[in-house]
K.L.:
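There's a structure below that I have some questions on.
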2 protein chains.
Amino acid sequence: MAAEGFELNAFLPYRLNRAAEFVAVRFAAEYKARYQLTRPEWRTLAALGSSARAMTATEVGTHSAMHKTKVSRAVSALEERRWLKRSEDADDRRLEHLELTKAGRLAYGELTDLASAYQAQLDELIGVGGLKALCAGLEAIERAIDRAEERHPRK
Amino acid sequence: MAAEGFELNAFLPYRLNRAAEFVAVRFAAEYKARYQLTRPEWRTLAALGSSARAMTATEVGTHSAMHKTKVSRAVSALEERRWLKRSEDADDRRLEHLELTKAGRLAYGELTDLASAYQAQLDELIGVGGLKALCAGLEAIERAIDRAEERHPRK
DNA sequence: GCCTATTAGTTGCAATCGTAACTATCGATT
DNA sequence: AATCGATAGTTACGATTGCAACTAATAGGC
């Protein structure tokens, strides 16, 4: 019955969540104060801004691990700000291709400046060794996610 | 201006959140279906169950990186289930010491069995190498968090 | 001993979220 | 070409959240 040897500190969901929440909260406070951006909005902007080509809402959701309703509302909000434009696919009219406008790319540039500065703080806090290990580990998870995504495409 | 070289894939908050969300969602579905537990409730139960001694609500919040109102409501819910009992501190009556009841420890035992099984799946998915790296990286972050916590005690 | 600042925890309320149901479209089968 | 199932995205609505304000208690001047 009770797994006596269970170590919460070795349980990834708990640990990852704690770490993610910790680093996210402070950064969120920054862009919220300066741009009135919500977290899903920033994450959507980031996904689109970092992509060389237009993405669909579903792709944004997969890339950022956000629920599709979150993405949908974030897209609407960004569109109202005129940071993003939609265009429908010629072949499949269910799809919409999402792209940043000029204003959107400008905002993304400013936000990434903030992000870089924040990342630099984190780098210093965590140290080079830890950071390297973390990146390697995250890459392993990301590969695993991609593989899992392929097989069990999620709801 | 725009940090042209910005790599979203090297930006910790985004990456960690994505990974955390991915691994958390599936596990949450399990304990939600079987125990009608919410995420904050499971996290609070986990924090208390893994601790050798009683904790205060604030400590639970720090340990799990949850907002204090989340903790407060989770504690109430667990108390109503009689999985947790509060006792006030003799010296400082603002504090309440939180402990699992016998029923709570039993539930924790069952939940950790689920957790172990899930962790085993993750282990396999991620691979030994990735897992080791991830743990090392998370440890580095956790140390950094503790240090930061000491200096800037958070709201 | 008082006044003020701080801390632990709770709660009202507006904002946000996720589930489920919905619309619209496409693909496959017959 | 009609039907069925699957997929992209939206939305209504109840549940959950977080901010700000609150109560209660402690701690630190003075």
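First the proteins, then the strands, lettered A, B, ... as listed; each starts at 1.
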K.L.:
Establish, with yes or no, whether the OP1 or OP2 oxygen of D:dT16 is under 4.0 angstrom from a side-chain nitrogen or oxygen of B:His67.
P.N.:
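B:His67 to D:dT16 OP1/OP2: no side-chain N or O under 4.0 Å.
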K.L.:
Can you tell me how far apart OG1 (A:Thr44) and CE (A:Met66) are? Round to the nearest 0.5 Å.
P.N.:
3.5 Å
K.L.:
Can you measure A:Glu88 atom CD to C:dA24 atom P for me and round it to whole angstrom units?
P.N.:
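Interatomic distance, CD of A:Glu88 to P of C:dA24: 14 Å.
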K.L.:
At under 4.0 Å between heavy atoms, which parts of nucleotides 10-16 of chain C does protein reach? Answer with one letter per nucleotide, 5' to 3': B base, S sugar-phosphate only, - none.
P.N.:
BBB----
K.L.:
Within this structure, what is the CG-to-P distance between B:Asp92 and C:dT7, rounded to whole angstrom?
P.N.:
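Computing the B:Asp92:CG to C:dT7:P distance gives 12 Å.
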K.L.:
Expressed as a whole number of angstroms, how long is the span from B:Glu59:CD to C:dA8:P?
P.N.:
10 Å
K.L.:
Does any donor-acceptor pair link the side chain of B:Arg94 with the base of C:dT7 at a separation under 3.5 Å?
P.N.:
yes
K.L.:
Check each of A:His63, A:Gln119, A:Arg43 against B:Tyr14 using the side-chain hydrogen bond (donor to acceptor under 3.5 Å, both in side chains) test, and report the only one that passes.
P.N.:
A:His63
K.L.:
Which residue, A:Thr58 or A:Glu21, contacts DNA chain D at a nucleotide closer to its 5' end, judged by nearest heavy atom?
P.N.:
A:Thr58
K.L.:
Got more than 12 heavy atoms from elsewhere within 6.0 Å of NZ, B:Lys132?
P.N.:
no
K.L.:
A:Tyr118: what forms a ring-ring contact (aromatic ring centres under 6.0 Å, His included) with it, not counting sequence neighbours?
P.N.:
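Scan of A:Tyr118 (ring-ring contact (aromatic ring centres under 6.0 Å, His included), adjacent residues dropped) gives A:Phe27.
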K.L.:
Please report the closest heavy-atom contact between B:Gly61 and B:Val71, naming both atoms and the distance.
P.N.:
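So the minimum-distance heavy-atom pair works out to CA-CG2, 3.7 Å.
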K.L.:
Would you classify A:Asp89 as touching base, sugar-phosphate or nothing, given that sugar-phosphate means primed atoms plus P, OP1 and OP2, and contacts are heavy atoms under 4.0 Å?
P.N.:
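Since no nucleic acid heavy atom lies under 4.0 Å of A:Asp89, the category is nothing.
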K.L.:
Please tell me which of B:Thr56 and A:Ala90 maps to the more 5' nucleotide of DNA chain C, matching each residue to the nucleotide holding its nearest heavy atom.
P.N.:
B:Thr56
K.L.:
Regarding B:Tyr35 and B:Glu41, do their side chains bring together a donor and an acceptor under 3.5 Å, going by distance alone?
P.N.:
no
K.L.:
What is the separation between atom CD on B:Gln36 and atom C1' on D:dA15, rounded to the nearest whole Å?
P.N.:
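Those two atoms, CD and C1', are 15 Å apart.
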K.L.:
Quickly work out the B:Leu98 CG to C:dG9 C1' distance and round it to whole Å.
P.N.:
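So the two atoms are 10 Å apart, to the nearest Å.
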K.L.:
What integer distance in Å separates B:Leu95:CG from C:dT7:P?
P.N.:
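Between P of C:dT7 and CG of B:Leu95: 13 Å.
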K.L.:
Taking all atoms of both residues into account, what is the closest heavy-atom pair of A:Val60 and A:Ala47, and its distance?
P.N.:
CG1-CB, 4.2 Å
